[in-house]
Protein chains: 2
Amino acid sequence: MLTKGGCPKNMLSIRDALEALEGRWKMLILFSLSTGPKRFGQIAKEVTGISDRMLSKELKNLEANKLVKREIYSTFPPTVEYTITAHGRSLENVMDALHYWGLAHRKKIMGK
Amino acid sequence: MLTKGGCPKNMLSIRDALEALEGRWKMLILFSLSTGPKRFGQIAKEVTGISDRMLSKELKNLEANKLVKREIYSTFPPTVEYTITAHGRSLENVMDALHYWGLAHRKKIMGK
DNA sequence: CAGTATCCGACAAGATACTG
DNA sequence: CAGTATCTTGTCGGATACTG
């Protein structure tokens with residue numbers, strides 16, 4: 001439940017969250033990784049429409065924010081694997097809420 | 001809980017949600033309105049940093065998406081009041097999740 | 001495969017000034 | 001008070017081409 005009254009305080013944390021999740025890709029990438037570790041190409045395939053460039057940029061940002069972990073394996077050819085961290089996983093509440101709300105919203109707006 | 005497997009389907013609803021909530025202001029405006037109906041100036045004061053222009057634009061967008069309702073009262077001077085709709089209110093789950101996650105994130109990143 | 005480099009357009013958003 | 005108009009800047013993100 002939202003606390004009443006001291007708005008500014010609560011807003012700060014929402015601002016923090018929004019800042020870390022800004023743009024149209026981060027949540028989708030995280031969502032893709034929520035079903036298991038994946039490689040660059042695999043993520044690119046699941047997150048429809050994203051370019052290599054954006055995926056690269058976003059993954060770096062997510063790594064800097066400790067939402068994703070990047071690991072290189074010295075196989076041949078070397079493979080790189082991205083895993084969602086525990087901290088990233090803690091976003092599943094948000095993604096879940098967003099998912100259900102998105103469903104309702106589509107009905108509401110696009111006409112039932 | 002997130003369903004496993006059919007990612008594309010679930011992603012669609014997340015995309016819908018993200019689209020409706022894009023930008024750094026909408027959620028904050030909605031959050032401000034979640035504590036009660038407010039007038040333009042009041043929202044502007046609570047959502048620190050927003051310009052009149054952006055607030056005006058965002059309110060229109062939120063109204064188009066049926067998240068906010070705008071009412072004019074023929075007092076003198078005429079007052080305009082913005083109220084969050086039931087549909088907007090259903091976002092409180094999201095805002096709430098975001099709020100708690102933002103708190104945790106700040107600790108994680110800014111150093112405990 | 002897993003990216004990086006460069007270029008560029010579109011739009012988000014700030015600053016400022018003005019209106020009923 | 002509750003905005004609109006105009007101008008400018010900044011950033012997001014797409015397209016293309018290239019590398020180990």
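First the proteins, then the strands, lettered A, B, ... as listed; each starts at 1.
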Next item on the list: Could you pick out which residue, A:Y82 or B:G49, lies toward the 5' side of DNA chain C when each is mapped onto its nearest nucleotide?
Entry: A:Y82

Margin query: Tell me the closest heavy-atom pair linking B:G102 and A:A17, and the distance in Å.
Written below: CA-CB, 3.9 Å

Check: To the nearest angstrom, how far is B:I72 atom CD1 from C:dG20 atom P?
Finding: 17 Å

Checklist line | Candidates D:dA2, C:dA13, C:dG3 - which lies nearest the side chain of B:W25 | finding: C:dA13

Check: Among D:dG3, D:dC1, C:dT4, which is the nearest nucleotide to the side chain of B:V80?
Finding: D:dG3

Item checked: Closest approach of B:L18 to A:R24 (non-hydrogen atoms, all atoms of both residues) -> CD1-O, 4.2 Å

Item checked: Length of the line joining B:Q42:CD and D:dG3:C1', which is rounded to integer Å -> 17 Å

Check: Is any side-chain nitrogen or oxygen of A:Y73 closer than 4.0 Å to OP1 or OP2 of C:dC1?
Finding: no

Next item on the list: Can you see which heavy atom on B:D16 is nearest to which on A:R106, and at what distance?
Entry: OD2-NE, 2.5 Å

Next item on the list: Examine the base of D:dG13 for any acceptor or donor lying under 3.5 Å from a partner atom in the side chain of A:R53, and report the outcome as yes or no.
Entry: yes

Check: Could you state the NZ-P distance from A:K26 to D:dT11, rounded to the nearest angstrom?
Finding: 14 Å

Next item on the list: Show the numbers, then the answer: is there a side-chain contact (heavy atoms from CB on, under 4.5 Å) between B:L55 and B:V47?
Entry: CA-CA 9 Å; B:L55 182 51; B:V47 181; 5.9 Å; no

Notebook entry, point to check: Rounded to the nearest Å, what distance is computed from the CD1 atom of residue A:I29 to the P atom of nucleotide C:dA2?
Noted result: 15 Å

Next item on the list: Answer yes or no: is there an ion pair linking B:E92 with B:R89, defined by an N-O contact shorter than 4.0 Å?
Entry: yes

Check: Taking CD from A:E63 and P from C:dA2, how many angstroms apart are they, rounded to a whole number?
Finding: 15 Å

Margin query: Can you tell me if A:R24 touches the phosphate of D:dG14, counting only side-chain N or O atoms and a distance under 4.0 Å to OP1 or OP2?
Written below: yes

Notebook entry, point to check: Would you call A:T79 and A:R39 a side-chain contact if the rule is heavy atoms closer than 4.5 Å?
Noted result: yes

Notebook entry, point to check: What pair of heavy atoms forms the shortest contact from A:I84 to A:L33, and how long is it?
Noted result: CG2-O, 3.8 Å

Checklist line | Rounded interatomic separation in angstrom, taking CG from B:D52 and P from C:dT16 | finding: 13 Å

Next item on the list: Could you tell me the separation between the CG atom of B:N61 and the C1' atom of C:dA12, rounded to a whole number of Å?
Entry: 12 Å

Margin query: Without decimals, in angstroms, what is the distance between B:E58 CD and D:dA2 P?
Written below: 18 Å

Check: Does B:N93 reach the side chain of A:Y100, with side-chain heavy atoms less than 4.5 Å apart?
Finding: no

Item checked: Side chain of A:R70 - closest among C:dA12, D:dG14, C:dG3 -> C:dG3

Note to self: Using OP1 and OP2 only, check whether a side-chain N or O of A:K60 sits under 4.0 Å from C:dT4.
What the structure shows: yes

Margin query: Pairs counted only when both distances fall under 3.5 Å, Watson-Crick or G-U: show me the 5' to 3' dot-bracket for DNA chain D, [ ] for pseudoknotted crossings and | for other-strand partners.
Written below: ||||||||||||||||||||

Item checked: Residue B:M54, side-chain heavy atoms: nucleotide from D:dA2, D:dG13, C:dG14 that is nearest -> C:dG14

Notebook entry, point to check: Base, sugar-phosphate, or nothing: which does B:F76 touch, judged by heavy atoms less than 4.0 Å apart?
Noted result: nothing

Next item on the list: By nearest nucleotide on DNA chain C, pick out whichever of A:K57 and A:P77 is the more 5' one.
Entry: A:P77

Notebook entry, point to check: Does B:S56 have a side-chain nitrogen or oxygen under 4.0 Å from the phosphate oxygens OP1 or OP2 of D:dT4?
Noted result: yes

